[in-house]
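Let me begin by presenting the structure, written as structure tokens, before commenting on it.
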Amino acid sequence: MVNQNPDANEQKQPDESLRDSEERYRTFFEESKDAIYIVDRDGKIIDVNQASLDLMGYTKEEMLNLNILEFYINPSDRRKFQQEIEQKGSVKDYEVKFRKKDGTEFSCLLTSTVRRAADGSILGYQGVVRERPKSKRADEELSIGEWMSSGEWMGKLTDYIHDVTERKRTDEELSIGEWMSSSEWMTKLTDYTENLERLVEERTLELKESEKRYRGLYESSIDGIVSIDMEGFIFECNQALADMHGYLKEELYHKGFREFIPRKWHDTIEKMLEEQTIPRGYSDVYEIESIKKDGTHIPISLRTWLIKDEEGKSIGVWGITRDITERKRAEQEIFKLNEDLKQRAIELEALNKELETFSYSVSHDLRAPLRSISGFSQALLEDYLDLLDREGQDYLQRVRTASIRMSELIDALLGLSRITRSELRYETVDLSEIAQEIAMELQETEPERQVKFIITPGLTSDCDPRLLRAVLENLLGNSWKFTGKKPIARIEFGAIANDGETAYFVRDNGAGFDKAYADKLFGAFQRLHSTDDFKGIGIGLATVKRIIHRHGGSVWAEGEVEKGATFYFTL
């Protein structure tokens, strides 16, 4: 396809036989009642017609992702068929059993031929799958065109005359002259000829209807469809292609297709045709640019197939194009958003480093005066207690308690910061074993309490073991704390299925909480109970939330006042 001389081809008219051949191919492939398939050397399906989809019960997209070998029920049938077609080059009416999408098994007849490259190597196979007929007549039925072109009808007629001649000679002892002088042979011949003419007329009407249906699909396609000859000139296209480029259909005929492709894409097109379309019969999908009538360039996707005549000679190429302007615009927007996100991530990382520096600085600057306040208040309580009245002693004790609490808050904030910064180290962790260890540690702190732990064994997950221990310590520790006023406490660790994933939970029968304030539970220093009732600084659940979010999971809680609480988390 290298001859690109518009002057030499200016008066070139499309070969009517070429167009007819292309139409016959389209009609035959798309409208054939037989299931037609084209596969590569390994059996991967390249193309199928509608009859194949109807027979096997798949969509076109599903079929193009399958291998024809997957349809065989018996592996031995597959091996025998493969050996026979590679040895003979073609197989006719080979009986095998296939399985449809819905699991239905059926007997079918395979007729297949090898597709070869110019050097004789096997490119793949093409053929027909026919469900095995229920009668011999259906099994041997031929289209009228095939039957007449084979010359079989003349042989049948000769056999018929011969049979009648022999019967007359034997049964009635008539000479051939006497029989021919009768009108019987002429009547039979007339009936036979009239029947052939009727069948030919019916077949012709059927083909015209089939062509009409194909033409309707061809013109109604939203994709542009174009056919070019081997010299690179357009001889057929649909309305969608003309609209895509701003032309009338008639203006496109006899133009060289390279007129519509920017020069920078010419080498790509040549490579596609020479390395894919011509040697193997089709190309991959390429994304290039096309030129509209007004000179503007648009991005398009293009895939091509080789057109061959009845003798297997390459006579042209047809292609399907699609305007991908909107998709490219969307890709550009996504790219810009990704770049913005990258920039935001860089900025956030810088801010985090600044916050980290600030938090350490604050902790260092605050710890020194806090130690002084705590130390001197303790000295006053120990050495000058007799000089202070009861009110003074109370004030001094409050100063010391506040300084200790302030120190605890600083430690908690630093701990929360470290959790946010630390690198995750994933491994398979036995969460049940960790929960059991924490339960034993809690019981040792208050051995007099009656607390029943129910821990589901064998719960594991891929996570950071150090951080998940912190999660379970906080959740089980909360349950231990908020069941402190129950004569018999119950704390449970287990798992449930939640929207296709595992949700772990810690449940207790303790103080619970008001559901209206559930969204405040996981904020830093947020408390729903007074420190007089339950001690704590309100940082534990905030820590749990950050750890779970760093693992890509989620955490939530359910509860009622004095009826207990349940905390769920996923990883």
Intermediate values then yes/no, side chain to side chain contact (heavy atoms under 4.5 Å, CB included), Phe335 and Asn338: CA-CA 5 Å; Phe335 176 78; Asn338 285 335; 5.6 Å; no
Run the side chain to side chain donor-acceptor pair (under 3.5 Å) check on Asp389 and Gln393 step by step: do they pass? CA-CA 6 Å; Asp389 60 14; Gln393 293 176 16; over 6 Å; no
To the closest 0.5 Å, what do you measure between CG (Leu472) and CZ (Phe567)? 13.5 Å
Between Phe106 and Lys97, is there a cation-pi geometry (under 6.0 Å to ring centre, at most 45° from the normal)? no
Just verifying a value: how many Å separate Ile300 CD1 and Ile320 CD1, rounded to the nearest 0.5 Å? 12.5 Å
Trp480 and Glu446: CA distance, side-chain angles, deciding distance, side chain to side chain donor-acceptor pair (under 3.5 Å) verdict: CA-CA 10 Å; Trp480 180 269; Glu446 297 180 74; 2.8 Å; yes
Check Arg280 with Asp284, please: is the shortest side-chain N to carboxylate O separation under 4.0 Å? yes
Just say parallel, tilted or perpendicular for the rings of Phe260 and His245, cut-offs at 30° and 60°. perpendicular
Ionic contact status for Lys101 with Glu62, cut-off 4.0 Å: yes
Considering all heavy atoms of both residues, which atom of Ile373 and which atom of Ser403 are nearest to each other, and what is their separation? CG2-CB, 4.0 Å
Which donor-acceptor pairs under 3.5 Å do side chains of residues 499-513 form with protein atoms, sequence neighbours excluded?
unit_1 : atom_1 : unit_2 : atom_2 : d
Tyr504 : OH     : Thr460 : O      : 2.9
Arg507 : NE     : Thr566 : OG1    : 3.1
Asp508 : OD1    : Gly510 : N      : 2.8
Asp508 : OD1    : Ala565 : N      : 3.4
Asp508 : OD2    : Ser479 : OG     : 2.8
Asn509 : OD1    : Arg490 : N      : 2.9
Asn509 : ND2    : Ile488 : O      : 3.4

Tyr426 and His551 aromatic ring geometry - parallel, tilted or perpendicular at 30°/60° bounds: perpendicular
Listed partners of Tyr72 passing ring pair (Phe, Tyr, Trp, His ring centres under 6.0 Å), at least two apart: Phe98
Atom pair CG/CD of Leu380 and Gln397 - distance to nearest 0.5 Å: 11.5 Å
Applying side chain to side chain donor-acceptor pair (under 3.5 Å) to Arg449 and Thr483, what does each step give before you reach the verdict? CA-CA 10 Å; Arg449 285 187 57 184; Thr483 57; 3.0 Å; yes
Before accepting this row, confirm whether a basic side-chain N of the pair Asp394/Arg390 lies closer than 4.0 Å to the acidic partner's carboxylate O. no
Could you tell me whether Glu558 and Lys515 have a side-chain N and a carboxylate O separated by less than 4.0 Å? no
Using a strict 4.0 Å threshold on nitrogen-to-oxygen distance, state whether Asp47 and Lys60 make a salt bridge. yes
Assess, by modelled atom type and distance only, whether the side chains of Asn65 and Glu61 contain a donor and an acceptor separated by less than 3.5 Å. no
Take Ile548 and Val471, measure what side chain to side chain contact (heavy atoms under 4.5 Å, CB included) needs, and give me the verdict at the end. CA-CA 8 Å; Ile548 296 303; Val471 167; 4.1 Å; yes
Pair Ser554-Tyr568, side-chain donor/acceptor within less than 3.5 Å: no
If you apply the rule side chain to side chain donor-acceptor pair (under 3.5 Å), what do you find for Ser112 with Tyr37, and how did you get there? CA-CA 9 Å; Ser112 184; Tyr37 66 89; 3.1 Å; yes
Spacing of Leu273 atom CG and Gln276 atom CD [to the nearest 0.5 Å]: 9.5 Å
Can you tell me how far apart OG1 (Thr321) and CG (Asp223) are? Round to the nearest 0.5 Å. 7.0 Å
Below 4.0 angstrom, N of the basic side chain to O of the carboxylate: do Glu70 and Arg99 qualify? no
Say whether, by atom type as modelled, one donor and one acceptor occur between the side chain of Lys44 and the main chain of Leu64 under 3.5 angstrom. yes
Can you tell me if Thr277 uses its side chain to pair, donor with acceptor, with the backbone of Trp305 under 3.5 Å? no
Within 6.0 angstrom of Lys271 NZ, more than 12 heavy atoms from elsewhere: no
In Å, rounded to the nearest 0.5 Å, how long is the span from CE of Met56 to CD1 of Ile45? 8.0 Å
Between Ile298 and Thr325, which heavy-atom pair has the shortest distance, and what is it? CB-OG1, 4.1 Å
Between Arg258 and His266 the two heavy atoms that sit nearest each other are O-NE2, 3.5 Å
Heavy-atom count check: over 12 atoms from other residues, nucleotides or ligands less than 6.0 Å from Arg322 CZ? no
For Ser301 against Val285, the heavy-atom pair lying closest together: CB-CG1, 4.0 Å
Shortest non-hydrogen contact from Met244 toward Gly224: CE-N, 3.8 Å
For Asp294 versus Thr296, what's the shortest heavy-atom pair and its separation? OD1-OG1, 2.7 Å
Pair Arg550, Leu424 - check side chain to side chain contact (heavy atoms under 4.5 Å, CB included), show working. CA-CA 8 Å; Arg550 289 205 63 196; Leu424 294 181; 3.9 Å; yes
Sidechain N-carboxylate O distance under 4.0 Å for Lys336, Glu339: no
Start with the C-alpha distance between Glu105 and Lys100, add both sets of side-chain angles, then the distance that settles salt bridge (Lys or Arg N to Asp or Glu O under 4.0 Å), and finish with yes or no. CA-CA 6 Å; Glu105 299 180 1; Lys100 299 183 181 182; over 6 Å; no
Quick one: do Glu331 and Lys328 make a salt bridge, cutoff under 4.0 Å? yes
